Protein chains: 2
Amino acid sequence: MPRPTVKDVAAAAGVSATTVSRVLAGNYPVSASTRNRVLRAVQELDFVINAQARALVGGSTRTVAFIVRDLVGPLFAYIGQGVEQQATAEGRVCLVCTHHGDAERELELIELMREQQAEAVVLVGGGLRTPEHIERTAQIARSLERVGSRLVLCGRPPIGPDAPATVVEYDNEGGAFAVTNYLISLGHRRIAFVGAAEPEHTTTSARFDGFTRAHRAHGLTVDAELVVGGNFDRESGYQQTKALLARGTELTAIIGITDMVASGVLAALREAGLRVPEDVSVAGYDDIPLSADLSPALTTVHIPHEELGRAAVRLALHRDEYALDQHLLLGTHVVIRDSTAPPREDHAG
Amino acid sequence: MPRPTVKDVAAAAGVSATTVSRVLAGNYPVSASTRNRVLRAVQELDFVINAQARALVGGSTRTVAFIVRDLVGPLFAYIGQGVEQQATAEGRVCLVCTHHGDAERELELIELMREQQAEAVVLVGGGLRTPEHIERTAQIARSLERVGSRLVLCGRPPIGPDAPATVVEYDNEGGAFAVTNYLISLGHRRIAFVGAAEPEHTTTSARFDGFTRAHRAHGLTVDAELVVGGNFDRESGYQQTKALLARGTELTAIIGITDMVASGVLAALREAGLRVPEDVSVAGYDDIPLSADLSPALTTVHIPHEELGRAAVRLALHRDEYALDQHLLLGTHVVIRDSTAPPREDHAG
DNA sequence: TTGTAAGCGTTATCAT
DNA sequence: ATGATAACGCTTACAA
């Protein structure tokens, strides 16, 4: 026997399909005896409602989509956790897709989620901020709005005041400012910034901006030699640091653009026989769980990961209530652990 | 204007809805000029098809569900990555839910996925193996089969020969045997096993069985004092190790039931002033990326995480082709790193 | 090559 | 309190 339908249940209970629907929805008075007969039939037939058919007539799929670079990065995973939890709490199911850093693929996925009639489409993590990509994203926001859905940018800056998108950011630039400022306050004057390639990437540019602003605030300028490229992973931190050391660039501290990068930085320094923090201070960004387990435990910038994900879903699903507040900026703060200390006397600025 | 439908497109292109459907599906001859008019109308109206409506008539939702304890554990994340990638590769979208270790909730979620008409429901990670839970899982497998869906157990043993479920396991017991055997071969005789609470949990019991079998294979018996409880996280490893040391239990090696547990073990040993591997050898299980970054880098058991996820989806979606092979057992192997060495002379067995 | 009509499983509307 | 009927947006016979 194929999947039973409301009709089958209705027949088994000796009632109409309408009554079955009412019992299941519980939004309409039904006599106790009828209800019981229906429920018994549901049990016997092992009936479950067809969510697609319900969505077709009812309007909403009660589905939230969640588009992310990878499932495996701890940062994304925690944001995803927040998205999934809030979605569940709001009685929604959660679709998940990964784009592996391919901006083109990201746009395709949004289209796919539009087919799926997701009530909200959450884009997690930074993205490109080229004019072209911003314009396309804005178009997508409008497309989604047209069909009653909502684009949510989570951990990415707004794409313009006219684009109908919910934005839940964290203070990326402020965190970079704070951690840089902390190192400068400790006495560091030659601080390297590892991972600065791709200035079009919103995360990269915001963090680098904070780094620069902190220097300016202290009347310092950033030596271009101390700013090196790479991406967001451990291997990049390792390679870039080796290169820095090989060049003999003078420095007393290194900021990795992410904790993963910083973990590679630590490895390269250890390999070079340099002690952290005695010889070189190291800081990261993201405060992923790993950072507390590194040796030495990593000074880093905390991001309210899970709250980002939760807020993204909450705002998008209640945009009637939060109509004026569809842009949220959550705070970041420096977490001081064991990888940072004042520079050695002979290096102090 | 609300979401445009095939009818709107048909009207705009001056054709029938059927023709629009045919153009979109591309499974039926349509004249080039008509096709172009339709495609232009699709563009102009910014039309996307309604996946629910299509599923309602077409039969399949092209959706795979993925039920996991948490999104954040690296082990689950990698398996999830495999599931998502294979699902995408097969043109499916991926639903994800978390149960946070609540077996009851897990069953509810399966029910929810049945409503969603998921083509396959992948259960990731170990579960309880109480007769009651097994029977309920078997019932669920049958329920899913009845509606054309499929239960997939990924990283969990079969629930009985009669239950219609796809099983993709890794050799949990074999890996535990191998790593224990390795430590014994190094000369260790007093090896602690941290994380053995919950013997009803399939993962716990399989790993503990392997541990025991390795001892037996060498004519050794396991001292009950060396087997301590706890769960699968870092904190547990830390606390249990502290307790072991406080009791003064004599030991030369410790196996953590997971890498996270082992990372807690390392922290507790470091705190106690014991060197790894000089004073105590430590091994983990799972080979999560973190394990290579610990100091010392952790000897552990490798699980083909991603392949587990991929195989789960592949087998379930092609069960006509793989009809005879709906039970896959993937191999595990020991990865030897720096946390294990022969015991010190004065301790050697 | 194209169109008409029926139907997928559910709910909302209007009767009774 | 319950039921008949239409409608949701799409595809798939069957016709033309």
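Below, read A as the first sequence line, B as the second, and so on, with proteins coming before strands; counting in each chain starts at 1. From a predicted model like this one, the values you see are computed outputs, not experimental measurements. The basis for the numbers below is simple: all heavy atoms, side chains too, and nothing from hydrogens, waters or symmetry mates.
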Practice prompt. May I have the step-by-step check of side chain to side chain donor-acceptor pair (under 3.5 Å) for H305(A) and Q81(A), ending in yes or no?
Written response: CA-CA 9 Å; H305(A) 321 272; Q81(A) 175 113 316; over 6 Å; no

Worksheet entry | Residue pair E135(A), R142(A): steps toward the salt bridge (charged side-chain N to carboxylate O under 4.0 Å, His left out) verdict | CA-CA 11 Å; E135(A) 177 48 29; R142(A) 287 188 285 269; 3.2 Å; yes

Practice prompt. Kindly indicate, with the supporting measurements, whether the criterion side chain to side chain contact (heavy atoms under 4.5 Å, CB included) is fulfilled by T98(B) and T88(A).
Written response: CA-CA 9 Å; T98(B) 63; T88(A) 300; 5.6 Å; no

Worksheet item: Can E108(A) and R105(A) be said to form a salt bridge (charged side-chain N to carboxylate O under 4.0 Å, His left out), step by step?
Response: CA-CA 5 Å; E108(A) 285 174 31; R105(A) 174 78 184 141; 3.1 Å; yes

Could you write out each protein N or O paired with an N or O of nucleotides 8-10 of chain D at a distance under 3.5 Å?
residue, atom, partner, partner atom, Å
dC10(D), OP1, N50(B), N, 3.3
dC10(D), OP2, V6(B), N, 2.4

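Within residues 22-37 of chain A, the residues that place at least one heavy atom under 4.0 Å from DNA chain D are, in residue-number order, R22(A), Y28(A), P29(A), V30(A), S31(A), T34(A).
Residues T18(B) and S21(B) have side chains that never bring a donor and an acceptor to within less than 3.5 angstrom of each other. Judged purely by distance below 3.5 Å, without hydrogens or angles, the side chains of R156(B) and T202(B) never pair a donor atom with an acceptor atom. In this structure, a donor-acceptor pair under 3.5 Å is absent between the side chains of Q139(A) and S143(A).
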Distance-only criterion, 3.5 Å: show the donor-acceptor pairs between side-chain atoms of residues 62-73 of chain B and protein atoms not counting sequence neighbours.
residue, atom, partner, partner atom, Å
T63(B), OG1, T61(B), O, 3.1
D70(B), OD1, H100(B), ND1, 2.7

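Here E306(A) pairs with R310(A) in a salt bridge; the nearest charged N to carboxylate O distance falls below 4.0 Å. With respect to E104(A) and R136(A), a salt bridge is recorded, a charged nitrogen being found less than 4.0 Å from a carboxylate O. Salt-bridge check for E321(B) with R314(B): failed, with every basic side-chain N at 4.0 Å or more from each acidic carboxylate O.
Direction change of the helix axis from one end of the helix from dT1(C)-dA16(D) to dT16(C)-dA1(D) to the other is 40°, with five pairs defining each end axis (rounded to 10°).
First and last contacts of DNA chain C with chain B, using any nucleotide atom under 4.0 Å from a protein heavy atom and ordered 5' to 3', fall at dT1(C) to dG9(C).
Applying the 3.5 Å distance criterion, the base of dT11(D) shares no donor-acceptor pair with the side chain of T18(B).
Residue V15(A) is in sugar-phosphate contact alone, with no base atom involved, counting any heavy-atom pair closer than 4.0 Å across all strands shown. At the heavy-atom level, T19(B) lies under 4.0 Å from the strands shown only through sugar-phosphate atoms.
With hydrogens and angles ignored, the 3.5 Å screen pairs a side-chain donor or acceptor of R37(B) with a backbone N or O of A13(B).
Under the side-chain hydrogen bond (donor to acceptor under 3.5 Å, both in side chains) criterion, H99(A) pairs with E106(A), not counting sequence neighbours.
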